[in-house]
Amino acid sequence: MRHRVRGRRLGRNSSHRRALAKNLVSSLFLHGRVITTEPKAKEYRAMAEKLITLAKTKDLHRVRRAVQMLGNKTAVKRLFDEIGPSMKDRPGGYTRILRLGTPRLGDKGTRVIFELVNFEPQPAAVGDEAAASA
């Protein structure tokens, strides 16, 4: 029975799950949007939300806690300088999970877009369009 057992194992051992959490949430903060599977996005949404709440006000203790949780100083810098202040007036619900219509090719896993609610995709540069069409 699974009574009162929290969290998903995701087919990994505990250290692998911790590394996955750090990498997934760091990528979310660096890029604003990540394509992943639904169980991963649901599992690590809470971690991302807690870190954004932590980043609403910047002080040394909060920055050190975020570095401890993420292990990526670039992601923490972006979290405290851009993401946290932009979410200052929002009481919660900083992330969104959007299901994609096509499953993953190898194992039919459900794919989702895990993104920040204030994410705006950057338009492609003129040089990138020419390279992509050639």
Side-chain angles (χ1 to χ4, degrees):
M1 287 182 271
R2 292 202 69 223
H3 299 298
R4 297 176 59 125
V5 178
R6 290 188 57 228
R8 294 171 177 86
R9 287 190 180 175
L10 301 171
R12 293 161 170 81
N13 60 27
S14 60
S15 61
H16 194 171
R17 281 193 303 272
R18 258 193 313 278
L20 173 68
K22 288 181 177 187
N23 289 326
L24 188 71
V25 175
S26 294
S27 295
L28 175 68
F29 293 152
L30 289 173
H31 304 291
R33 168 185 277 187
V34 177
I35 295 177
T36 184
T37 61
E38 190 173 15
K40 288 180 197 173
K42 285 184 174 182
E43 181 67 22
Y44 299 120
R45 178 196 332 214
M47 181 180 177
E49 301 262 344
K50 286 175 187 169
L51 281 165
I52 293 171
T53 302
L54 192 72
K56 283 184 170 184
T57 55
K58 185 176 182 178
D59 62 3
L60 184 61
H61 178 65
R62 289 172 184 249
V63 171
R64 285 182 175 168
R65 280 182 56 196
V67 169
Q68 180 186 14
M69 288 177 74
L70 285 180
N72 185 340
K73 291 183 181 180
T74 310
V76 171
K77 181 170 175 44
R78 183 150 192 270
L79 175 66
F80 278 91
D81 293 344
E82 298 172 26
I83 298 168
S86 71
M87 303 282 191
K88 194 83 162 169
D89 299 330
R90 183 180 279 272
Y94 312 113
T95 59
R96 147 186 330 129
I97 296 176
L98 301 169
R99 286 189 185 170
L100 292 173
T102 56
R104 195 164 54 188
L105 208 54
D107 60 355
K108 299 290 184 189
T110 56
R111 294 187 320 153
V112 296
I113 296 174
F114 184 36
E115 69 180 4
L116 300 171
V117 291
N118 61 357
F119 174 73
E120 294 177 12
Q122 299 294 328
V126 176
D128 293 343
E129 290 177 6
S133 64

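Predicted model only: the values in this text are computed from it and were never measured. We use all heavy atoms of the structure for the numbers below, so side chains are in, but hydrogens, waters and symmetry mates are not.
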Report summary line: Smallest heavy-atom separation, Thr36 atom then Ala41 atom, equals CG2-CB, 4.0 Å
Requested in this report: Decide yes or no for Arg33 and Leu116: does some side-chain heavy atom of the first lie under 4.5 Å from some side-chain heavy atom of the second?
Outcome: no
**Report entry** Working for side-chain hydrogen bond (donor to acceptor under 3.5 Å, both in side chains), residues Thr37 and Arg111
**Finding:** CA-CA 5 Å; Thr37 61; Arg111 294 187 320 153; over 6 Å; no
Query raised in the report: More than 12 foreign heavy atoms under 6.0 Å from CG of Asp89: is that the case here?
Result: no
Query - Reported CD1-to-CE distance for the pair Ile52 and Met47, which is rounded to 0.5 angstrom - result: 11.5 Å
Requested in this report: Give, for atom CZ of Arg45 and atom CZ of Phe114, the distance between the pair rounded to the nearest 0.5 Å.
Outcome: 7.0 Å
Requested in this report: Report the residues that fulfil salt bridge (charged side-chain N to carboxylate O under 4.0 Å, His left out) with Lys50, sequence neighbours left out, ordered by chain and then residue number.
Outcome: none
**Report entry** Between NZ on residue Lys77 and CG on residue Leu30, distance to nearest 0.5 Å
**Finding:** 12.5 Å
Query raised in the report: In Å, rounded to the nearest 0.5 Å, how long is the span from OG of Ser26 to NE2 of His31?
Result: 9.5 Å
Report task. Show the numbers, then the answer: is there a side chain to side chain contact (heavy atoms under 4.5 Å, CB included) between Leu100 and Val112? Result -> CA-CA 5 Å; Leu100 292 173; Val112 296; 5.9 Å; no
Query raised in the report: Does a side-chain heavy-atom distance below 4.5 Å link Tyr44 with Leu20?
Result: yes
**Report entry** Pairs meeting criterion side-chain hydrogen bond (donor to acceptor under 3.5 Å, both in side chains) with involvement of residues 90-99, two or more places apart
**Finding:** Glu38-Arg99, Glu49-Thr95, Thr53-Tyr94, Lys56-Tyr94, Arg96-Glu115
**Report entry** Considering all heavy atoms, the nearest Ala55-Phe80 contact
**Finding:** CA-CE2, 3.5 Å
Query raised in the report: So how far is it from Lys40 NZ to Leu24 CG, rounded to the nearest 0.5 Å?
Result: 7.5 Å
Requested in this report: Decide side chain to side chain contact (heavy atoms under 4.5 Å, CB included) for Arg78 and Ile83; before the verdict, give the C-alpha distance in whole Å, the side-chain angles of both, and the deciding distance to 0.1 Å.
Outcome: CA-CA 7 Å; Arg78 183 150 192 270; Ile83 298 168; 4.0 Å; yes
Query - Within residues 2-27 or reaching into it, pairs that qualify as salt bridge (Lys or Arg N to Asp or Glu O under 4.0 Å) - sequence neighbours excluded - result: Arg8-Glu43
Requested in this report: Please determine which of Leu54, Leu51, Leu60, Leu70 meets the side-chain contact (heavy atoms from CB on, under 4.5 Å) test together with Arg65.
Outcome: Leu54
Query raised in the report: side chain to side chain contact (heavy atoms under 4.5 Å, CB included) between Arg104 and Thr110: does it pass, once the steps are laid out?
Result: CA-CA 6 Å; Arg104 195 164 54 188; Thr110 56; over 6 Å; no
Query raised in the report: Linking I/L/V/M/F/W/Y whenever any side-chain heavy atoms sit under 4.5 Å apart, do Val25 and Val117 land together?
Result: yes
Report summary line: Residues Ser86 and Asn118: closest non-hydrogen pair is OG-ND2, 2.8 Å
Query raised in the report: Any idea which heavy atoms bring Ser27 and Val34 closest together, and the distance?
Result: C-CG2, 3.8 Å
